[in-house]
Amino acid sequence: MTRCGPAGVLFPGVRAGAGIGRAIALKDGPVQQRHLVSPHGTPRSANLVDPQGRRFSFYDGRHPGDLRLPRAFYLPFLQRSAHVHLSIIGHNRDMYEDIHRLGVTSSTDLHDWDGRNPHHRHYALNSDYVFLSAAAIHDRLHTVLRTILDEGRARFVVATDGADGCHLLVRGDDTVRHFPAVRPERPVVDSNGAGDAFVTAFLHSLFEGRSLEDCVLAGSVAGAFVCGSVGTHTEFIDLPGLRAASARAVAGG
């Protein structure tokens with residue numbers, strides 16, 4: 001499924017129906033939808049959540065490793081986009097050459113990358129803004145974040161760390177900064193979607209021109225909010241709610 005809207009953000013991934021391609025948002029114009037049908041069907045996933053709201057994810061691998069989005073399909077949308085967020089799907093990996101050529105900024109979420117898997121590494125080194133989970137790299141956190149900056153093009157890298165907050169390393173800095181987590185305002189029932197919410201709110205604040213500290217706060221608030229609802233599509237924080245909750249988080253210390 002490919003969705004187009006006014007935000008200026010392109011999201012090439014795999015989700016709806018049996019299609020390949022996920023969402024493309026354009027700088028101007030109404031929301032549009034485009035899709036390509038994959039003969040391999042839509043990859044499925046299963047998320048198991050324990051009583052503490054912690055998630056365990058399982059994915060199938062029905063798409064072959066050489067599946068790619070056709071350039072003729074994505075390029076017209078990419079040419080009208082201000083930013084691209086790439087899921088680590090695989091079939092979008094060849095888009096980076098055009099992304100860089102057009103001067104469009106890009107971001108990615110590496111999820112629980114171990115700092116070594118070459119599939120994730122491709123996205124880590126080719127994106128301008130990099131997000132990942134610290135779960136698999138606690139003993140090598142600084143090394144992995146530093147490598148992403150030293151060997152890639154990222155302007156910053158953020159490693160989310162669940163209840164322990166997140167870690168931020170910015171190009172030009174030597175120190176990884178730690179930010180504590182925001183205390184959830186509702187009981188934690190399900191952590192599904194917390195990382196996506198963090199990235200969404202972080203990037204929204206970044207595109208508003210806010211400081212990285214404000215971006216981290218927005219991401220942390222959005223992620224904490226998601227943990228208070230069951231599932232990934234049942235409830236989302238809106239912009240007024242995000243700003244109000246962020247103000248409460250600051251006031252509460």
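Values in this document were obtained by computation on a predicted structure and should not be read as measured data.
- Paired with Asp94 under the rule side chain to side chain donor-acceptor pair (under 3.5 Å), one option of His122, Arg71, Arg68 passes, and it is Arg68.
- Side chains of Asp161 and His138: a donor-acceptor N/O pair is present below 3.5 angstrom, by distance only.
- Enclosure of atom CZ in Arg171 by more than 12 non-hydrogen atoms of other residues, nucleotides or ligands within 6.0 angstrom is indicated.
- Checked by atom type, the side-chain pair His85/Ser106 shows no donor-acceptor distance below 3.5 Å.
- Taking the ring axis of Phe225 as reference, the NZ or CZ atom of Arg186 stays within 45° of it and closer than 6.0 Å to the ring centre.
- In the hydrophobic clustering of ILVMFWY residues, with side-chain heavy atoms under 4.5 Å counting as a link, Trp113 and Ile137 come out together.
- A centroid separation of less than 6.0 Å is found between the aromatic rings of Phe202 and Phe131.
- A 4.5 Å side-chain heavy-atom check between Phe156 and Val130 finds every atom pair outside the cut-off.
- Considering only heavy atoms from C-beta on, Leu67 stays 4.5 Å or farther from Ile89 through its side chain.
- Counted by atom type alone, Tyr123 and Asn92 present one or more donor-acceptor pairs between their side chains at under 3.5 Å.
- Counting heavy atoms from C-beta outward, Ile88 and Thr108 have side chains that approach closer than 4.5 Å.
- Arg210 meets the salt bridge (charged side-chain N to carboxylate O under 4.0 Å, His left out) test with Glu208; sequence neighbours excluded.
- Between Leu239 and His204, some side-chain heavy-atom pair lies under the 4.5 Å cut-off.
- A chain of hydrophobic side-chain contacts below 4.5 Å, direct or via other Ile, Leu, Val, Met, Phe, Trp or Tyr residues, connects Val157 to Val84.
- Transitive grouping of hydrophobic side chains (ILVMFWY, heavy atoms separated by less than 4.5 Å) brings Phe179 and Val158 into a common cluster.
- Aromatic ring orientation, His167 versus His178: tilted (interplanar angle from 30° to 60°).
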